[in-house]
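Just so it is clear: chains get the letters A, B, ... in the order the sequence lines come, proteins before strands, and each one is counted from 1. For the numbers below, each heavy atom of this structure counts, side chains included, while hydrogens, waters and symmetry mates do not.
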2 protein chains.
Amino acid sequence: MALLLIVCLLDGMRDEAQQKPMARLDESLLTHLPPFSRLDNRQIRDILDQATSKRYNEGVTVFGEGEEAERFFMLLDGYIRVMRITDTGEQVIALHIPSGQLFGIARALGRDTYPATAVTASEAIILSWPTRLWDHFASYDGFTTETYKTVGKRIGEMNTRIVELATQQVEQRIANALLRLVNQTGRKVEDGIEVDFPITRQDLSEMTASTLHTVSRLLSAWEKDGIVKSRRKRIVVSDPHRLVLLSQPH
Amino acid sequence: MALLLIVCLLDGMRDEAQQKPMARLDESLLTHLPPFSRLDNRQIRDILDQATSKRYNEGVTVFGEGEEAERFFMLLDGYIRVMRITDTGEQVIALHIPSGQLFGIARALGRDTYPATAVTASEAIILSWPTRLWDHFASYDGFTTETYKTVGKRIGEMNTRIVELATQQVEQRIANALLRLVNQTGRKVEDGIEVDFPITRQDLSEMTASTLHTVSRLLSAWEKDGIVKSRRKRIVVSDPHRLVLLSQPH
DNA sequence: CACGAAGTTTGCGCCAGCACAACGTTCGCG
DNA sequence: CGCGAACGTTGTGCTGGCGCAAACTTCGTG
């Protein structure tokens with residue numbers, strides 16, 4: 001709810017400077033996001049005063065793997081796709097980050113460079129700060145604690161990912177990926193739940209270590225069975241329950 | 001080097017109480033381990049005074065996935081295998097932890113339960129502390145910083161793991177797994193570098209999401225080519241360079 | 001509204017690697 | 001030192017899902 005407000009405020013800035021301090025932004029709006037929830041007003045204002053805001057179109061690279069970690073980021077609206085590219089040019093999507101989370105916090109894990117590439121999966125609004133401010137903010141009560149909770153969750157997701165890749169069939173992996181998307185970023189629509197950002201079969205194949213072709217085939221089959229409905233870049237899950245069945249072995 | 005000393009000291013305790021305070025242990029021995037390297041003598045003594053020491057045989061479960069995270073651990077000697085078990089009973093090995101690292105630090109990531117199962121991959125000597133002490137130690141300068149560096153590294157490894165599973169052929173994955181084992185835990189022997197703890201083909205297959213049979217076949221083929229030498233539970237890599245070639249696409 | 005780019009569908013053949021099976025080898029233990 | 005269990009090897013057949021190819025649909029743009 002708070003986020004919507006922020007977005008409106010920021011929309012006004014769309015045609016102005018793409019990067020500018022956020023002095024205008026009401027600090028109460030950030031209060032409910034986990035990393036900031038335990039901070040007092042003075043601290044929040046301090047953080048906001050030093051933030052840079054920027055609006056990104058879909059498919060823009062926020063930072064690349066191996067680059068020096070000069071800034072860290074807070075996603076206010078939209079979705080971020082975290083991916084790596086192999087020597088042979090294949091892309092692997094590691095995870096999707098929903099709004100309200102910090103990302104690119106290499107510094108918090110003692111790294112000097114970003115370990116992966118972050119690309120906007122939809123239009124996005126992002127605050128960012130120079131990395132050197134991390135230690136300063138880290139002294140604020142609860143800031144790091146909440147951050148590391150997020151890290152812990154992501155580790156859990158990665159573990160699950162590994163187990164899935166290691167043990168499940170393609171159909172189950174794709175079903176799982178879709179369920180995860182719908183759970184984490186789903187939006188209720190008339191005939192089911194829709195993934196809240198544009199997603200192609202190619203993307204799904206990169207999330208599940210399969211191929212565009214296989215994903216396409218399966219989605220077609222599922223559509224025939226009335227489990228999903230999809231159009232270009234949009235996927236609606238109309239029968240989540242049957243998808244859950246498909247996602248489990250046998 | 002310091003570790004060897006510790007091990008000797010502890011060996012003396014082998015037949016005494018399996019669990020007892022470590023008051024006797026010279027604090028200077030822990031000084032060089034990353035999590036403690038920036039601590040002063042008083043702090044190290046404080047940490048040691050509250051530690052419990054225990055010796056484990058090979059193949060013993062230290063903690064299980066989902067259990068309440070009552071303690072956190074420091075591996076002084078040996079190796080730990082971190083694994084998860086799927087609903088269908090398949091095991092997946094997530095990573096191996098070498099001596100000198102903290103593990104089971106769910107608390108540091110805001111979790112109440114352990115996210116995976118930890119089993120000793122060899123005989124091991126482990127210190128542990130009640131979880132509630134974490135926050136106390138965390139106030140010591142550098143303790144958490146160094147810990148989170150380790151977490152960062154493990155995240156990197158997991159990412160690599162995911163990319164490997166997603167893009168590489170079985171032969172390359174097994175070659176990679178073997179190279180990683182040899183790099184991280186290798187011990188020089190006469191005719192090459194040996195994995196420093198007992199490892200079965202089954203283990204390797206669980207690390208690479210393949211089967212015992214395939215691993216066995218490949219190791220046999222490699223042995224015929226003079227790349228590795230293996231006997232029961234032991235693997236020696238005699239020609240790492242050619243293994244690197246095998247680990248890369250084409 | 002015509003064109004190109006991006007996204008999607010579908011058919012077909014093939015092969016890496018799994019399942020199944022049976023046997024050989026090493027180790028620990030009484 | 002003999003037995004059983006754990007660990008390792010090898011052969012054979014089969015199939016899921018990938019590679020390749022070609023055509024179709026939707027969208028944005030000038």
Measure from the side-chain heavy atoms of A/T200 and tell me the nearest of D/dG11, C/dC18, C/dT8.
-> C/dT8
Between [N] atom [atom2] and [X] atom [atom1], what is the distance in whole Å?
X: B/L204; N: D/dG8; atom1: CG; atom2: C1'; result: 13 Å
X: B/E171; N: C/dC18; atom1: CD; atom2: C1'; result: 16 Å
X: A/K233; N: D/dT26; atom1: NZ; atom2: C1'; result: 11 Å
X: B/L165; N: C/dA16; atom1: CG; atom2: C1'; result: 16 Å
X: A/E206; N: C/dG7; atom1: CD; atom2: P; result: 11 Å
X: A/L212; N: C/dT9; atom1: CG; atom2: P; result: 9 Å
X: A/E58; N: C/dG7; atom1: CD; atom2: P; result: 9 Å
X: A/Q169; N: C/dC18; atom1: CD; atom2: P; result: 11 Å

Do the side chain of A/H213 and the base of C/dT10 come within less than 3.5 angstrom through a donor-acceptor pair of N or O atoms?
->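 Under the 3.5 Å cut-off, the side chain and the base do form a donor-acceptor pair.
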Does A/R234 make a side-chain donor-acceptor contact with the base of C/dG7, cut-off 3.5 Å?
-> no
Phosphate-side-chain proximity, [X] and [N], N/O vs OP1/OP2 below 4.0 Å:
X: A/S216; N: C/dG7; value: no
X: B/T214; N: C/dG17; value: no
X: A/Q202; N: C/dT8; value: no
X: B/T211; N: C/dC18; value: yes
X: B/R231; N: C/dT26; value: no

When you check the gap from the basic side-chain N to the acidic O, do [X] and [Y] get nearer than 4.0 Å?
X: A/K233; Y: A/E58; answer: yes
X: B/R180; Y: B/E164; answer: yes
X: A/R231; Y: A/E223; answer: no
X: B/R187; Y: B/E194; answer: yes
X: B/E65; Y: B/R84; answer: yes

Mind running side chain to side chain contact (heavy atoms under 4.5 Å, CB included) on B/I155 and A/I155 for me, showing each step along the way?
-> CA-CA 7 Å; B/I155 290 182; A/I155 290 181; 3.8 Å; yes
Name the nucleic acid region contacted by A/R232, choosing base, sugar-phosphate or nothing; use a 4.0 angstrom heavy-atom cut-off, strictly under.
-> base
What is the nucleic acid contact for B/S230, judged by heavy atoms within less than 4.0 Å: base, sugar-phosphate only, or nothing?
->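 Here B/S230 touches no strand at all.
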Steps toward side-chain hydrogen bond (donor to acceptor under 3.5 Å, both in side chains) verdict (A/Q101, A/R154) = CA-CA 11 Å; A/Q101 290 198 6; A/R154 288 195 200 154; 2.9 Å; yes
Counting only non-hydrogen atoms, which of residues 78-91 of chain B are less than 4.0 Å from DNA chain D?
->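 Close to the strand, none.
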Short question: side chain of A/S238, backbone of A/I227 - any donor-acceptor pair under 3.5 Å?
-> yes
